[in-house]
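Proteins come first, then strands; the chains are lettered A, B, ... in the order of their sequence lines, and each starts at number 1.
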Amino acid sequence: MKLYDTMAREMRELTAEDGENFRFYCCGPTVYGPAHIGNFRTFVLQDVFRRVLQLSGQSTQHVRNITDVDDKTIRDSQAAGKSLGEFTEAWTAKFRVDCDALNLLAPHDEPSAVEHIPQQIALIEQLMAKGHAYKSDDGSVYFKVTSFDQYGCLSHLDQRELRDGAGGAAVADDEYEKDAVADFALWKGRKQEDGDNFWLSPWGEGRPGWHLECSAMCKEYLGDTFDLHSGGVDLVFPHHENEIAQSEAASGETFARHWFHITHLMVDGGKMSKSLGNMYTLADLEERGFTANELRYVLISGHYRHPLNFTLQSMEDAKKALLRIGKAGGALRERAGGDADEPDQQIPRGHDFIYFKAAFESLLQDLNSPEALGRIFSELRELKADKMSAEDAQAALNDLEYILLALGLSLPEVEEDKQVEVPEDIRDLAEKRWQAKQAKAWAQSDALRDELLGKGWEIKDDKEGYQLCPRS
RNA sequence: GGCGAGGUCGCCAAGUGGUAAGGCCAUGGUUUGCAAAACCAUUAUCGCGGGUUCGAUUCCCGCCCUCGCCUCCA
């Protein structure tokens, strides 16, 4: 599988350092509220990445952390009148529910930051010992950026600019004392507003800095060097830059061998933000009658390195597109005769595609999910289910299920599977209309159909009978 | 100001040095008592101006516009 590497700025073939297991780390959510669809774009793409890697024959170890101690979690837990743990556990649970709905494979390890404070302290001690960190008067510990020559190698920012501090404005807000503006906190000395949220360290009471948790947990679960590190583009700087500095300065080894960054989701052509009221969560979309599967389709309908413009219209489009795949799959299933096996949601290690091979190849080439979708539709149209042998139809159906498994999409329920509650009076009207139709009393039949439509129910006839469904 | 992404059919969105996937919508057709559904078909010369080339949407230069990041936002 080939994937663009942010550090090298070019496409790279992915390899497992140990030749067996591809080990990778994804920066997880900060659990202080519900994750929004922008967060999920990143997690969904990482999930597709893992699925494709596994289907290509590679075994994986996927680590994704939970950030449950930082400024925001502390601030909001206090505002909610809850302990930090109580607060973050609730949001972590909610996050997992959303992940399940979105069909995200659970990471092999999902470490929490507060449960790895000792590891973080140990890392700081190493950095202190090597002269990469210093303690300030207020009990905080900072990383000395000038002590690490490669600082800035990931984000390719101009060295001088980094040392001077780019914006300038943010400097004034910093309440901690440090030598240089670019230096960042490894440990934050205890402050009044932190309340009960402090831990003991060799430098006094306080709490770990944000960047540090990932470095410490990467080391704990994946060692000094691992195969790939991933997150949203906004993490390139400073978060990932700082992780590299901390980890490599401490270990002297290459930190991550490959960097995979997912570009932001836009909403209605602009940044998603609370103030603009265009920040959607999965729950928001479900309230509007959309499913997580549809959201997943939308999130993979654009290439991960391009901004993707989310609109509610795109959710509508996704619903229709998915339905089409479902119907085409249904036709294959019918031709194959009888029910196919339930698709196994375990991702097998390796799969040979006969059908939909082109689509899978799009995924192997820099995770081109939109092209893969295009190729699925093209192939679906070329396959004439009614002209295939039952055997071929079965094989095509089988591979269709595998390519959807790679994308993590579920075949949508086709109409007849849906159990819709139909009120008595509607049922009666529909029955009367059917009788009229059978009697070829077209005028009466059509009038009844219009009446039903007026009451919000649509009738769809087929050869044997009719179906009632709520008007969409 | 620095770094980066992007401007492709009404909307969304791929791709390529040799005249542009796919989805939604629209239109026409087959089918249907009429619809619905399904199926088939049709719809773009790729922001603007130069350059390189036999040939550029794809490479180079300039310009315009949009968007993101620039110290704790996926």
**Prompt:** Backbone N or O of A/H239 within a donor-acceptor pair of the A/N242 side chain at under 3.5 Å?
**Reply:** no
* Asked: When you measure from the centre of the six-membered ring of A/Y4, is the NZ or CZ of A/R305 under 6.0 Å away and within 45° of the axis?
  -> yes
Does NZ or CZ of A/R207 lie under 6.0 Å from the centre of the six-membered ring of A/F198, at an angle within 45° of the ring axis?
no
Nucleotide N/O of nucleotides 37-42 of chain B paired with protein N/O under 3.5 Å:
from, atom 1, to, atom 2, distance (Å)
B/A37, O3', A/K327, NZ, 3.3
B/C40, OP1, A/K384, NZ, 3.3

*Taking only N and O in the side chain of A/N368, is any of them less than 4.0 Å away from OP1 or OP2 of B/A14?*
no
- Message: If you compare every side-chain N and O of A/K72 against the phosphate oxygens of B/C72 (OP1, OP2), does one of them come in below 4.0 Å?
- Response: no
Practice task
Give one of base, sugar-phosphate or nothing for A/R9, where a contact means two heavy atoms less than 4.0 Å apart.
Solution key: sugar-phosphate
inquiry  = For a quick check of understanding: with a heavy-atom distance under 4.0 Å over all strands, which category does A/S378 fall into, base, sugar-phosphate or nothing?
reply    = sugar-phosphate
Among B/G68, B/A74, B/A35, the one nearest any side-chain atom of A/N39 is B/A74
Should A/F377 be counted as stacked on B/G22, where stacking needs a ring-centre gap under 5.5 Å and an angle between planes under 30 degrees? no
Counting only heavy atoms not in A/R288, do more than 12 sit closer than 6.0 Å to its CZ atom?
no
Parsed dot-bracket for RNA chain B after applying the Watson-Crick and G-U rules with both distances under 3.5 Å and | for other-strand partners is (((((((..(((.....[...))).(((((.......)))))....(((((..]....))))))))))))....
What about A/H306, does its side chain sit under 3.5 Å from the base of B/A5 through a donor-acceptor pair? no
The side-chain contact (heavy atoms from CB on, under 4.5 Å) partner of A/F24 among A/V63, A/T60, A/L222, A/D227 is A/T60
Checking A/M11, A/E10, A/R12 against A/K2 for side-chain contact (heavy atoms from CB on, under 4.5 Å), the one that qualifies is A/M11
*asked:* Could you check, using the six-membered ring where one of them is a Trp, whether A/Y402 and A/F360 have ring centers closer than 6.0 angstrom?
replied: no
note: A/D234, atom CG; B/C3, atom P; distance rounded to Å ~ 20 Å
note: A/I244, atom CD1; B/U71, atom C1'; distance rounded to Å ~ 15 Å
